[in-house]
Amino acid sequence: MSDTSIALNRIAPSQTTAMTDRAMTLREAGCDIISLSVGEPDFATPPHVVAAAKAALDAGDTKYTAVGGTARMKQAAALHFVRDLGIEVPTSQVTVSAGGKQAIFHALLATLDPGDEVLIPAPWWVSYPEIVRFAGATVVPLETTAGGGFRITADQLAAAITPRTRWLLLNSPGNPTGATYPAEELQALGEVLARHPRVLVMSDDIYAPLRYGEGAHATLAVERPDLAPRVLTISGVSKSHAMTGFRIGVAAGPHWLIAAMEKLQSHSSGNPSSISQAAAVAAFEGPQDFLIDWRERFRARRDLVVGAINAIPGLSAPVPDGAFYCMVDASPLMARFGDDEALALHLLDHGVAIVSASAFGGRDGFRISFAADEAKLKEALRRIAGAVA
Ligand SMILES: Cc1ncc(COP(=O)(O)O)c(C=O)c1O
């Protein structure tokens, strides 16, 4: 007999948070730990966003709002979808929640039944499989490799779809690999999806403003407008505007799904914070030029990390196209360390917190978050080289 529910017992706590907490505890105990485990930009929230939050407080903007966000917030989100992702949606097809995480949680809980299958490219963002399991559905991993750019292929998708498939979860640029799908690959995936009308697609584009390649961001709802009636696009301000603590995420999708998510939200958190909504309006409607500088700084750090990792015997990493993560392959070291969990603990002993690949449904490696300043990254890489030498 367990005190907790069958549903809760199906899931595990977030391992990225666990590693971050562990690093924090060690640091509080006086240990010198550099944490490269956390998934948030180290930049300060832009001042105009902070000012908007303060102004909202001063104006008494401190009450309940509509469940899916204020009219102004929805307009700002719709502006973001069309300007930054190319997705033209009316505000009635947009909803706002306490982080992209909550939007994903509500969308999956509102649509999954036991027996349903959810296709998730692996390595994956830690919360996807846990939410699916919590909903009582089955996770179907679609394995990807560094050699294949950590992207699934149309053939792989076609072979994995069954009559029980309910969702495909796409994340581009992806956490933890930085993999980014080009337009032609999305079109090829769309070709397969067009043959399976029951399958919904989540396109988690939360890292779209943090891409390092040339050209515009590609997203399924734009590449395959015929599929748009069953695509839910997730975005937010956490990563692009360094607003993780504000807890604002946005979603665009078909009316029925947005209504279902808001129905659930009306009984969970209710509306997202009124103050955070005011800040997010400023984030989406205000100047975006700081992003040019942030992207350049992230790109420089990415190049620093990938260069240093590939110079360490036993470690290798492809160049990520987006987000601020680098997935390191450490398979040549597994004979020595046993598994990547053991390697992660070994690196922690040497003063660097990273997260093992297996936490993300991958294996024999680890994820480095390069959302840390250059001096910290250099020192962490020096420690990693020493720890595996
Ligand atoms: C791939 C991905 N999607 C969604 C989220 C959710 O972000 P938030 O809830 O802060 O908007 C994260 C956060 O780490 C993420 O990495």
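Side chains included, hydrogens not; waters and symmetry mates left out as well; all remaining heavy atoms used. Whatever order the structure lists ligands and atoms in, that order sets their numbers, starting from 1. When a residue number appears, it is its place in the shown sequence, counting from 1.
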Discussion item. Please verify the inter-ring angle class for Phe324 with Phe370; under 30° counts as parallel, over 60° as perpendicular, anything in between as tilted.
Written reply: perpendicular
Practice prompt. Could you tell me whether Phe105 approaches ligand 1 through its side chain, its backbone, both or neither, with non-hydrogen atoms closer than 4.0 Å?
Written response: neither
Worksheet item: Going by distance only, is there an N or O of Asn171 that falls short of 3.5 Å from an N or O of ligand 1?
Response: no
Worksheet item: When you check the gap from the basic side-chain N to the acidic O, do Glu130 and Arg133 get nearer than 4.0 Å?
Response: yes
Practice prompt. Answer with yes or no whether Ser238 contacts ligand 1, where contact means a heavy atom under 4.0 Å from a ligand atom.
Written response: yes
Under 3.5 Å, sequence neighbours excluded: what are the donor-acceptor pairs made by side chains of residues 135-144?
unit_1 : atom_1 : unit_2 : atom_2 : d
Glu143 : OE1    : Arg363 : NH2    : 3.3
Thr144 : OG1    : Ala122 : O      : 2.7

Fill in: Pair His241 + Phe246: ring centers closer than 6.0 Å
no
Fill in: Proximal ligand 1 atoms for Tyr128, defined as those under 4.0 Å from one of its heavy atoms
1 (C)
Discussion item. Any nitrogen or oxygen of Thr244, side chain or backbone, less than 3.5 Å from one on ligand 1?
Written reply: no
Practice prompt. Provide, to 0.1 Å, the distance between atom 4 (C) of ligand 1 and the closest protein heavy atom, together with that atom's residue and name.
Written response: Asp204 OD2, 3.4 Å
Discussion item. With a 6.0 Å cut-off (strictly less than), is the heavy-atom count around CZ of Arg164, excluding the residue itself, greater than 12?
Written reply: no
Worksheet, complete the sentence: Of all protein heavy atoms, the one nearest atom 7 (O) of ligand 1 is Ile206 CD1, 3.7 Å
Worksheet entry | side-chain contact (heavy atoms from CB on, under 4.5 Å) between Glu223 and Leu189, intermediate numbers included | CA-CA 10 Å; Glu223 295 310 322; Leu189 296 177; over 6 Å; no
Worksheet item: Under 6.0 Å from the CD atom of Glu296, do we count more than 12 heavy atoms belonging to anything else shown?
Response: yes
Fill in: Lys/Arg N to Asp/Glu carboxylate O, Asp293 vs Arg297, below 4.0 Å
yes
Fill in: Identity and distance of the protein heavy atom lying nearest atom 11 (O) of ligand 1
Gly100 N, 2.6 Å
Item to complete: Please could you name the atoms of ligand 1 that Gly99 approaches to less than 4.0 Å, counting only its heavy atoms?
Response: 9 (O), 11 (O)
Worksheet entry | Nearest neighbour of atom 13 (C) of ligand 1 from the list Glu40, Lys239, Lys101, on a heavy-atom basis | Lys239
Worksheet item: Of the protein's non-hydrogen atoms, which lies at the shortest distance from atom 9 (O) of ligand 1, and what is that distance?
Response: Arg247 NH2, 2.7 Å
